Amino acid sequence: MTGGALTAWDPSLKVFLKRSVIISAITVVAVLLMGRIIGVWSDNWYVFYIGPVLVLIYSTLIDDPNRWRLARRSRWYLQSDAVIHNGPEGEARIPLSDIVDIRTRFGWSVVLFLKGGMRVSMAYLPDSKNVAMQIRAARESLMP
């Protein structure tokens, strides 16, 4: 699906790894805090020592590789009248006229807010602010 596309975006491994490191660090800190509370309360410090190790094993060996395998197959195309998502589930067309709002989230995704309350997330894009600006400009060029 490249014919007629104004621009195309692919997920970035670098952005995905940045997100994974940030989420893993936050989770490890939360587990450490919970482990400390449990350790002080019950005098059982196993959670404090084992919890962060289990979080890191899970995130690096199970969750993140599976998430990236799905995400790397997504391609987004901007046409003059629609945003097209070509992914593992097939192709989806989102008319620009159906997009109510466009926001960036956490520096690694763009969220399209659609009429009817639905949302579409474009994840792991290298320059999410620029992507949002391009979609916004294309949408505004359709409006009289």
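In this chain, numbering begins with 1 at the start of the sequence shown. Keep in mind it's a predicted model, so treat the numbers as computed, not measured.
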Any chance you could lay out the side chain to side chain contact (heavy atoms under 4.5 Å, CB included) test for Q134 and L6, step after step, and finish with the verdict? CA-CA 10 Å; Q134 289 176 350; L6 301 174; over 6 Å; no
Residues I23, F106; criterion side chain to side chain contact (heavy atoms under 4.5 Å, CB included); working and verdict: CA-CA 11 Å; I23 297 298; F106 306 112; over 6 Å; no
Verdict with supporting geometry, E91 and I84, side chain to side chain contact (heavy atoms under 4.5 Å, CB included): CA-CA 7 Å; E91 187 173 287; I84 309 292; 3.6 Å; yes
Go through it in stages, so that I can follow the logic: the residues are R93 and D81, the test is side chain to side chain contact (heavy atoms under 4.5 Å, CB included), and I'd like the CA-CA distance, side-chain angles, deciding distance and then a yes or no. CA-CA 10 Å; R93 186 179 198 321; D81 65 339; 2.8 Å; yes
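A chain of hydrophobic side-chain contacts below 4.5 Å, direct or via other Ile, Leu, Val, Met, Phe, Trp or Tyr residues, connects L114 to V110. By the rule that hydrophobic residues join a cluster once side-chain heavy atoms approach within less than 4.5 Å of another member, V31 and W41 end up as members of separate clusters. No chain of hydrophobic side-chain contacts below 4.5 Å, direct or via other Ile, Leu, Val, Met, Phe, Trp or Tyr residues, connects F113 to I135. M34 and V40 end up in different hydrophobic clusters when Ile, Leu, Val, Met, Phe, Trp and Tyr side chains are linked at under 4.5 Å. When the side chains of ILVMFWY residues are joined at heavy-atom separations under 4.5 Å, either directly or via intervening members, I102 and V131 end up in a single hydrophobic cluster.
D10 and P126 make their closest contact through O-CD, 3.7 Å (heavy atoms, listed as atom of the first residue, atom of the second, distance). S128 approaches W108 most closely through the heavy-atom pair OG-N, 4.2 Å. For the residue pair H85 and E89, the shortest heavy atom distance occurs at CE1-OE1, 4.1 Å. For the residue pair L96 and A82, the shortest heavy atom distance occurs at CG-N, 3.6 Å.
Atom OG of S141 sits about 13.5 Å away from atom CZ of R136, to the nearest 0.5 Å. Atoms OG1 and CE, on T104 and M122 in that order, are 12.0 Å from each other to the nearest 0.5 Å. With values rounded to the nearest 0.5 angstrom, S74 atom OG is found 8.5 Å from N86 atom CG. Note that CG of L54 and OG1 of T27 are 13.0 Å apart. Values are rounded to the nearest 0.5 Å. Within the model, atoms CH2 of W9 and CG of D127 stand 10.5 Å from one another, a figure rounded to the nearest 0.5 Å. Remark: R119 CZ to R105 CZ distance equals 6.5 Å, nearest 0.5 Å.
With sequence neighbours excluded, no residue satisfies side-chain hydrogen bond (donor to acceptor under 3.5 Å, both in side chains) with N130.
The aromatic rings of Y124 and F16 stand perpendicular to each other, their planes meeting at an angle above 60°, with 30° marking the opposite boundary.
Residue pairs satisfying the salt bridge (charged side-chain N to carboxylate O under 4.0 Å, His left out) criterion with at least one member in residues 20-29, sequence neighbours excluded, are absent.
With hydrogens and angles ignored, the 3.5 Å screen pairs no side-chain donor or acceptor of R139 with any backbone N or O of P95.
Contact annotation: the side chain of N66 never approaches that of L70 to less than 4.5 Å [non-hydrogen atoms, C-beta and beyond].
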